[in-house]
Amino acid sequence: MSAPLICPSILASDFARLGEEVAALEAAGADWVHVDVMDGHFVPNLTIGPDVVKALRPHTRLPFDVHLMVAPVDPWLEAYRHAGADVLSVHPESGPHLHRTLGRIRDLGARAGVVLNPGTPVAILDEVMDLVDLVLIMSVNPGFGGQKFIPAALDKIARVRQRLDAAGSKATLQVDGGVTADNAADCVAAGADALVAGTAVFRGGPSAYADNIAALKGR
């Protein structure tokens with residue numbers, strides 16, 4: 001079993017020091033930087049606009065993994081891609097035409113991701129499998145950091161892994177929500193390739209980031 005990609009969510013970082021934080025993540029061995037974009041409408045929180053992503057881009061060479069929790073989502077794709085997003089992940093519920101949205105993300109030169117909330121059925125992937133570069137399983141209901149992992153997500157990870165493998169898809173399977181060193185191995189065993197973690201990475205400050213990331217990788 002290979003070590004998962006670790007994608008720290010800067011939602012849990014020190015917003016007064018974001019540039020330093022993303023640089024510290026790279027030095028600590030993170031694989032991607034996960035950016036949670038919330039609009040206060042699709043989810044009950046308001047976070048990071050494209051100008052902030054653009055300002056962070058010079059501070060790290062790591063890929064920016066941008067999770068768009070906004071509705072409607074289509075008008076924002078170009079802005080976040082031009083700001084420096086390498087992956088753009090969208091919810092099926094955030095626009096009327098998921099197939100078209102994923103195609104547009106790819107046309108912009110980014111990797112296209114689909115996000116499945118706890119109440120979103122996995123079967124929706126079957127209709128867009130050829131356009132999916134990443135599937136993000138939410139193991140909490142989106143909107144806030146620091147929530148507790150929903151155990152039923154493990155079965156959902158396994159079911160999505162089975163679908164991806166059956167289709168011959170090379171899409172990354174990512175998990176986000178309440179991920180800690182205690183459940184990271186279970187997520188990977190179920191089929192996850194990448195883990196988004198906020199509190200589990202950022203607790204203890206920058207001097208602890210490397211150890212926290214290593215613990216999530218199972219080292």
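In this chain, numbering begins with 1 at the start of the sequence shown.
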| message | Quick check: closest heavy atoms across Thr172 and Ala194, and the distance to 0.1 Å? | response | CG2-CB, 3.9 Å
| task | Might you work through the side-chain contact (heavy atoms from CB on, under 4.5 Å) test for Val115 and Thr120, ending with a clear yes or no? | result | CA-CA 9 Å; Val115 188; Thr120 306; over 6 Å; no
| query | Between His91 and His67, what is the ring plane arrangement, given parallel below 30°, perpendicular above 60°, and tilted in between? | reply | parallel
| request: Looking only at non-hydrogen atoms, find the nearest pair between Leu195 and Ala184 and report the distance. | output: CD1-CB, 3.6 Å
| Please walk me through it: do Leu77 and Val90 pass side-chain contact (heavy atoms from CB on, under 4.5 Å)? | CA-CA 10 Å; Leu77 301 176; Val90 300; 4.2 Å; yes
| Are the side chains of Leu56 and Val33 in touch, meaning some heavy atoms are under 4.5 Å apart? | no
| said: Side-chain heavy atoms nearer than 4.5 Å, only ILVMFWY residues, links allowed to pass through others: does that put Met69 and Val140 together? | reply: no
| query | Is the shortest heavy-atom distance from the side chain of His82 to the side chain of Lys54 under 4.5 Å? | reply | no
| query | For Ile213 and Val201, what are the C-alpha separation, side-chain angles and deciding distance, and is it a side-chain contact (heavy atoms from CB on, under 4.5 Å)? | reply | CA-CA 6 Å; Ile213 289 169; Val201 170; 4.2 Å; yes
| field | Non-hydrogen atoms of Leu216 and Ala197 that approach each other most closely | value | CD1-CB, 3.8 Å
| query | How many angstroms lie between CG in Asn212 and CZ in Arg203, if you round to the nearest 0.5 Å? | reply | 5.0 Å
| request: Find out if a path of hydrophobic residues (ILVMFWY) with successive side-chain heavy-atom gaps under 4.5 Å connects Leu108 to Trp76. | output: yes
| said: Rounded to the nearest 0.5 Å, what separates atom CZ in Arg159 from atom CD1 in Ile157? | reply: 10.5 Å
| said: In this structure, would Leu5 and Tyr209 fall into the same cluster of hydrophobic residues linked by side-chain contacts under 4.5 Å? | reply: no
| Just wondering, do Asp36 and Asp176 contact through their side chains at under 4.5 Å, heavy atoms? | yes
| request: Would you mind reporting whether Leu154 and Asn183 have side-chain heavy atoms less than 4.5 Å apart? | output: no
| message | With clusters defined by side-chain heavy atoms of hydrophobic residues (ILVMFWY) lying less than 4.5 Å apart, directly or transitively, does Ile6 cluster with Val175? | response | yes
| request: Determine which pairs satisfy ring pair (Phe, Tyr, Trp, His ring centres under 6.0 Å) with at least one residue from residues 4-26, sequence neighbours left out, and list them in order. | output: none
| said: Side chains of Trp32 and Phe64, heavy atoms from C-beta outward: is any pair under 4.5 Å? | reply: no
| field | Residues which pass side chain to side chain donor-acceptor pair (under 3.5 Å) with Asp211, listed by chain and number, not counting sequence neighbours | value | none
| query | What residues, two or more places apart in sequence or in another chain, satisfy ring pair (Phe, Tyr, Trp, His ring centres under 6.0 Å) together with Tyr80? | reply | none
| query | Would you say Asn117's side chain and Met138's backbone share a donor-acceptor pair under 3.5 angstrom? | reply | no
| request: Indicate, with yes or no, if Met129 and Val87 share a hydrophobic cluster defined by side-chain heavy-atom contacts under 4.5 Å among Ile, Leu, Val, Met, Phe, Trp and Tyr. | output: no
| request: Could you tell me whether Asp107 and Arg81 make a salt bridge, using a distance below 4.0 angstrom between a side-chain N and a carboxylate O? | output: no
| Lys217 (side chain) donor-acceptor with Pro4 (main chain) under 3.5 angstrom | yes
| So which heavy atom on Arg106 is nearest to which on Ala112, and how close? | CG-CB, 4.1 Å
| Within a strict 4.5 Å, meaning less than it, do heavy atoms of the Leu25 and Thr60 side chains meet? | no
| Can you tell me if Gln174 uses its side chain to pair, donor with acceptor, with the backbone of Leu134 under 3.5 Å? | no
| query | Nearest heavy-atom pair of Ala83 and Pro50: which atoms, and what distance? | reply | CB-O, 3.3 Å
| request: Mind checking the CG-NE2 spacing from Asp65 to His34? Nearest 0.5 Å is all I need. | output: 5.0 Å
| said: I'd like to know if the side chain of Ser13 reaches the main chain of Leu18, judged simply by a donor and an acceptor atom lying under 3.5 Å from each other, with no hydrogens or angles considered. | reply: no
| said: When you compare the side chain of Phe149 with that of Cys187, does any pair of heavy atoms fall below 4.5 Å? | reply: yes
| query | Can you tell me how far CZ of Arg100 sits from CG of Leu102, rounded to the nearest 0.5 angstrom? | reply | 11.5 Å
| Rounded to the nearest 0.5 Å, what separation is found between the NZ atom of Lys170 and the CG atom of Leu164? | 11.0 Å
| query | Pick one: which of Leu116, Leu136, Val114 meets side-chain contact (heavy atoms from CB on, under 4.5 Å) with Val160? | reply | Leu116
| Any donor and acceptor pair, going by atom type alone, linking the side chain of Asp193 with main-chain N or O of Leu173 inside 3.5 Å? | yes
| task | Side-chain contact test, heavy atoms from C-beta onward, threshold under 4.5 Å: evaluate it for His99 versus Thr101 and give yes or no. | result | no
| task | Locate the shortest heavy-atom distance separating Pro44 from Pro142; write the atom from each residue and the value. | result | CD-O, 4.2 Å
| field | Separation of Ile48 CD1 from Leu11 CG (nearest 0.5 Å) | value | 7.0 Å
| request: Verify side-chain contact (heavy atoms from CB on, under 4.5 Å) between Arg104 and Glu78, making sure each step is shown before the conclusion. | output: CA-CA 9 Å; Arg104 177 57 179 156; Glu78 189 168 343; 3.3 Å; yes
